[in-house]
Asks: 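First the structure, then my questions, so here it is.
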Amino acid sequence: MEVLVKTTNLTKVYKETVAVSNLNMTINKGEIYGFIGENGAGKSTVIKLLTNIVNPTSGSYQINIDKRIGNIAAIVENPAIHNSLNALNNMVFQAKMLGLKKSVEELKELLIQVGLEDVIHLKKRAKDFSLGMKQRLSIALALIGDPEFILLDEPMNGLDPLGIRKMRDLIIFLNKERNITFLISSHILTELDKVATRYGFISKGKLIKEITQKELHKLNVEIEDYYLEIVEGIKHA
Amino acid sequence: MLNILKAELNKFLKSKIFIALIILLFAFPLLTASMYQVVKNTLLGGIIGSNEGDLARETFLASFSPMNNFGLLLLILLLIVIVGDFTNNTIRNKVIAGYKRSKIYGASALFTLIAVVVFATAYALLSYGAIGLVMGFKKIDVGKMVLHYLLLISSLLVVYSFIHLLAFLFKSIGATIGVGIGSFFALMIVVSILGLKGQGELLIKIFPFLGLSSTAVYSYGETLLLIVINLVYLALFTGLGFYANNKLDYK
């Protein structure tokens, strides 16, 4: 398999807190990599490091991808949208910012794809959207640049059951149809289990275990049980 | 960088902040002119009207201060735009998309400086026109005025390059205004104290941007020198901004 992301001893220290410590991980092209760990384990920091939102304290990473603008997209923690603009104007701004000449119809199509068809013609500003709508708008914004790699930090957070299903279907569709590689961190392990092709378990900033979906199924254990087993293992180590 | 700048300008031109600034741009000169119209035929009007230095010209020169009514509102409204990129987390979209941090900072700084030049110049010209129409125009040395305009606008750019740097460091409107205006006032106080001892002129030459609240006019040579000193400060603060932004975490 072709390696898309490779980190080498990647470390991030915030003042006196070690958020990520000597992380060595790889993500292959076409994978949906599920990133699992307790609160404060370092999942979000890894995503922030890979997207250049924060600078590494030491170590490095490599993303083997065309360096064109918009080829990497991410949703990190809170949806990053312009609250004063409506959904369509957010899309127009993002397209302009990326230097892409997208027609309004193309942008509307993306909004429909993420299930925001109801707000296309509304003047309702993004600040008045529900969290689920904001999440979906963020996904639409991420898709404008036709990215090959998308990083999602807790994408199911704040979504209702229907929203979760739509998000899951969208991720699977984009992975299968457009061969987009995903790195997804989530606390909802049962949901992650429905989309991920490989898992990475992180604890206290360190990658402690990686396993593919197939290997996990061979073991005939649920992802939740497997995760708890690992956590217990660390405690007793 | 140009794509970010174009997108930001486009968004700004459609925003309520832009509309508010346009209203203020016309409202303040009109209000001031109306006030002069009211007092024109009174004893106070006689005193103001006898001003040897030409009221319209002096109003023009004083218009560039970030401490006057329009100057302060321009500062606050532009900070809402700059800091809004951090509070909405939208600055992350730019870095995630693959733009270098230097381009992100450069586009933001350029946007700020363009907005400042356009609004400050428009406000000064409108003030000059409105006051002149009420109180009358006097002959001016256009060459000298243009040079002095360049000195004032370069001073304002220095102040805003510093404010922009602070905005990226603090990511907060309150802290940026507090530290920015606080520093400006502190230096002004030092200049005033030293001015009493006859050394104020020297400090104005070291920090020409402090002359923003003054209507003093210098010789051609002096003005050119002060503009060059301002450009050095502008380069220094912008350079510091690029450096700090590269080290910064967009948490």
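Just so you know, these numbers come straight off a predicted model, no measurement behind them. Naming: A, B, ... by sequence-line order, numbering from 1 per chain.
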Asks: If the threshold is 4.0 Å, N to carboxylate O, is there a salt bridge linking B:Arg92 and A:Glu77?
Replies: yes
Asks: For the pair B:Asn93 (side chain) and A:Ala80 (backbone), establish whether a donor and an acceptor sit closer than 3.5 Å, ignoring hydrogens and angles.
Replies: yes
Asks: Counting distance only, does the side-chain N/O of A:Asn55 pair as donor-acceptor with the main-chain N or O of B:Asn246 below 3.5 Å?
Replies: yes
Asks: Please determine, among B:Asn89, B:Leu248, B:Asn88, the option with the most heavy-atom pairs under 4.5 Å with chain A.
Replies: B:Asn88
Asks: Please determine, among B:Gly84, B:Ala97, B:Ala107, B:Gly98, the option with the most heavy-atom pairs under 4.5 Å with chain A.
Replies: B:Ala97
Asks: Relative to chain A, which of B:Asn10, B:Leu2, B:Ile4 shows the most heavy atom pairs under 4.5 Å?
Replies: B:Asn10
Asks: Between B:Asp249 and A:Lys12, does at least one N-O distance fall below 4.0 Å, as a salt bridge requires?
Replies: yes
Asks: Quick check on B:Lys16: does its NZ atom have over 12 non-hydrogen neighbours (other residues, nucleotides or ligands) under 6.0 Å away?
Replies: no
Asks: Would you indicate whether A:Lys29, at its atom NZ, is surrounded by more than 12 heavy atoms from other residues, nucleotides or ligands within a distance under 6.0 Å?
Replies: yes
Asks: Look at atom OH of A:Tyr14 and say whether more than 12 heavy atoms of other residues, nucleotides or ligands are closer to it than 6.0 Å.
Replies: yes
Asks: Side chain, backbone, both or neither: which part of A:Pro147 has an atom under 4.5 Å from a heavy atom of chain B?
Replies: neither
Asks: For the candidates A:Ile81, A:Asn78, A:Asn71, which exhibits the highest count of non-hydrogen atom pairs separated by less than 4.5 Å from chain B?
Replies: A:Ile81
Asks: Counting only heavy atoms from other residues, nucleotides and ligands, does the tally under 6.0 Å from NZ of B:Lys171 exceed 12?
Replies: yes
Asks: Do other residues, nucleotides or ligands put more than 12 heavy atoms under 6.0 Å from A:Gln62 CD?
Replies: no
Asks: Which pair of non-hydrogen atoms, one from A:Phe93 and one from B:Lys11, has the smallest distance, and what is that distance?
Replies: CE1-CE, 3.5 Å
Asks: Is it the case that over 12 heavy atoms from other parts of the model lie below 6.0 angstrom from the CZ atom of A:Phe173?
Replies: yes
Asks: How long is the gap from CD1 on A:Ile69 to NZ on B:Lys94, to the nearest 0.5 Å?
Replies: 12.5 Å
Asks: Under 4.5 Å, counting heavy-atom pairs only, tell me which of A:Leu151, A:Asn83, A:Asn89 racks up the most with chain B.
Replies: A:Asn83
Asks: Checking heavy atoms, do the side chain of A:Val92, its backbone, both or neither come under 4.5 Å from chain B?
Replies: neither
Asks: With respect to chain A, which residue among B:Asp85, B:Thr87, B:Ile91, B:Val95 yields the maximal number of heavy-atom pairs within a distance under 4.5 Å?
Replies: B:Val95
Asks: Can you tell me if A:Lys102 has over 12 outside heavy atoms packed within less than 6.0 Å of its NZ?
Replies: yes
Asks: If we check side-chain contact (heavy atoms from CB on, under 4.5 Å) with B:Ile96, which of these qualifies: A:Ile75, A:Ile53, A:Leu50?
Replies: A:Ile53
Asks: Without swapping roles, check the side chain of B:Tyr99 against the backbone of A:Met97 for a donor-acceptor pair under 3.5 Å.
Replies: yes
